[in-house]
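Whatever order the structure lists ligands and atoms in, that order sets their numbers, starting from 1. Any value given below was found using the heavy atoms of this structure, including those in side chains, with hydrogens, waters and symmetry copies removed.
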Amino acid sequence: MSDEKLSVSKIMKGTAIDHIPAGRGYLVQKILKIDPKARAVIIANVDSRQYGKKDLIKIEGKFLTPKEVNIISLIAPNATINKIENSEVVEKAEVKFPDVIEEVLKCPNLSCITNLENEPIVTKFIKVGNNSVQCYYCDSLLKYGEIVDNLKL
Ligand code: CTP
Ligand code: ZN
């Protein structure tokens with residue numbers, strides 16, 4: 001099947017997340033905790049003019065919150081979020097890396113309070129500089145390149 005045909009299954013109302021790095025569509029699906037009953041597809045490894053190959057996700061009947069949109073940037077910094085109504089794209093948004101990231105990341109420091117079994121403390125990372133985030137509790141640093149390996153999925 002041609003890439004054009006594959007991407008053709010248009011949705012009526014919902015969200016199409018475009019320009020996800022190839023192979024990362026399933027991570028975006030997991031981090032958004034898309035309802036297993038939702039009518040959704042991941043289209044993997046289609047040709048992209050900008051990136052060579054890319055993944056795409058389409059979710060019928062779901063619109064993303066601003067928080068969800070920005071969480072996607074951890075995995076897909078160049079993603080485009082297309083809001084679709086009556087089968088038309090009514091809004092296109094870019095993702096923005098958040099200043100504060102709660103819940104979705106694990107702290108790499110095993111003795112951090114967020115990793116202690118009996119302390120159900122939700123993780124919190126703060127963006128520092130241009131390429132790292134820092135644990136609010138123990139100050140451990142995570143470089144952007146390490147984020148994908150430290151997702152709590
Ligand atoms: N889309 C969809 N269902 C619709 C309309 C659009 O699934 N009813 C999807 C398209 O398949 C595409 C994305 O939403 O993946 C964006 O659509 P569109 O803006 O028409 O495509 P492009 O112009 O290629 O987008 P861009 O310029 O952002 O690359
Ligand atoms: Zn920590």
Side-chain angles (χ1 to χ4, degrees), residues 1-26 28-29 32 34-35 38-64 68-70 72-96 98-129 131-152:
M1 197 189 288
S2 72
D3 286 338
E4 218 178 321
K5 282 254 174 59
L6 246 178
S7 326
V8 156
S9 56
K10 297 272 174 193
I11 59 177
M12 269 299 291
K13 178 182 159 194
T15 304
I17 307 166
D18 197 359
H19 308 128
I20 301 169
R24 291 193 176 178
Y26 81 101
V28 174
Q29 178 204 29
L32 291 179
I34 296 174
D35 183 346
R39 202 158 82 78
V41 286
I42 300 179
I43 302 157
N45 299 306
V46 293
D47 288 321
S48 155
R49 260 175 292 118
Q50 295 167 64
Y51 306 106
K53 298 273 181 198
K54 66 174 181 183
D55 287 5
L56 264 153
I57 298 182
K58 302 187 187 198
I59 318 157
E60 186 79 55
K62 179 176 170 73
F63 296 117
L64 304 180
E68 286 175 315
V69 168
N70 291 340
I72 293 171
S73 72
L74 305 182
I75 300 166
N78 299 308
T80 307
I81 313 297
N82 297 279
K83 182 176 175 186
I84 293 154
E85 276 179 300
N86 298 315
S87 214
E88 302 281 344
V89 176
V90 293
E91 197 183 308
K92 246 178 215 292
E94 303 302 316
V95 297
K96 181 185 166 289
D99 294 324
V100 180
I101 303 160
E102 285 177 298
E103 271 174 85
V104 292
L105 291 177
K106 289 187 289 235
C107 182
N109 169 12
L110 294 181
S111 39
C112 176
I113 191 164
T114 62
N115 285 321
L116 301 181
E117 269 178 33
N118 298 320
E119 293 282 351
I121 288 189
V122 171
T123 64
K124 180 167 165 179
F125 284 81
I126 315 292
K127 183 177 177 233
V128 289
N131 60 4
S132 306
V133 295
Q134 184 166 38
C135 178
Y136 174 78
Y137 296 99
C138 76
D139 292 342
S140 289
L141 289 168
L142 263 186
K143 292 233 188 294
Y144 283 4
E146 298 167 324
I147 282 180
V148 168
D149 293 324
N150 286 277
L151 294 170
K152 231 186 230 176

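At a 3.5 angstrom cut-off on N or O pairs, Gln50 does not count as close to ligand 1. An N or O contact shorter than 3.5 Å links Ser87 to ligand 1 by distance. Looking at Lys92 next to ligand 1, an N or O pair under 3.5 Å apart turns up. Considering backbone and side-chain atoms alike, Ile11 places an N or O below 3.5 Å from some N or O of ligand 1.
Among protein atoms, those of element N, O or S found less than 2.8 Å away from the Zn ion (ligand 2) are Cys107 SG, Cys112 SG, Cys135 SG, Cys138 SG.
Residue-ligand proximity, Leu56 to ligand 1, at heavy-atom distances under 4.0 Å covers atoms 15 (O). The distance from ligand 1 to the heavy atoms of Ala16 drops below 4.0 Å at these ligand atoms: 9 (C), 14 (O). Counting atoms of ligand 1 from 1 in the listed order, those under 4.0 Å from a heavy atom of His19 are 28 (O), 29 (O). Short contacts between ligand 1 and Asn82, defined as distances under 4.0 Å to a heavy atom of the residue, involve ligand atoms 13 (C), 16 (C).
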Using the side chain to side chain contact (heavy atoms under 4.5 Å, CB included) rule, take Asn78 and Gln50 through it: C-alpha gap first, then chi angles, then the decisive distance, then the call. CA-CA 10 Å; Asn78 299 308; Gln50 295 167 64; over 6 Å; no
Quick one, Asn45 with Asp55, criterion side chain to side chain contact (heavy atoms under 4.5 Å, CB included). Give me CA distance, side-chain angles, the key distance, then yes/no. CA-CA 5 Å; Asn45 299 306; Asp55 287 5; 4.1 Å; yes
Hey, mind stepping through Ile42 and Val28 against side chain to side chain contact (heavy atoms under 4.5 Å, CB included) and telling me if it holds? CA-CA 10 Å; Ile42 300 179; Val28 174; over 6 Å; no
Kindly determine whether Ile17 and Leu32 satisfy side chain to side chain contact (heavy atoms under 4.5 Å, CB included), including the steps that lead there. CA-CA 11 Å; Ile17 307 166; Leu32 291 179; 3.7 Å; yes
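In this structure, the side chain of Glu60 engages the main chain of Met12 through a donor-acceptor pair within 3.5 Å. Within the 3.5 Å criterion, the main-chain N or O of Tyr144 finds no donor-acceptor partner in the side chain of Asn131. For the pair Ser73 (side chain) and Val95 (backbone), a donor-acceptor distance under 3.5 Å is absent.
At a heavy-atom distance under 4.0 Å, atoms from both the backbone and the side chain of Lys10 approach ligand 1.
Asn82 places none of its side-chain heavy atoms less than 4.5 Å from the side chain of Glu91.
Using a 4.0 Å cutoff on heavy atoms, Met12 does not count as a contact of ligand 1.
In Tyr26, the OH atom is not crowded: 12 or fewer heavy atoms of neighbouring residues, nucleotides or ligands sit closer than 6.0 Å.
By heavy-atom distance, the residue among Ile43, Val89, Asp18 lying nearest atom 20 (O) of ligand 1 is Val89.
Residues passing the side-chain contact (heavy atoms from CB on, under 4.5 Å) test with Glu102, sequence neighbours excluded: Val100, Lys124.
Scanning all heavy atoms of the two residues, the minimum distance from Leu141 to Gln134 falls at CD2-CB, 3.7 Å.
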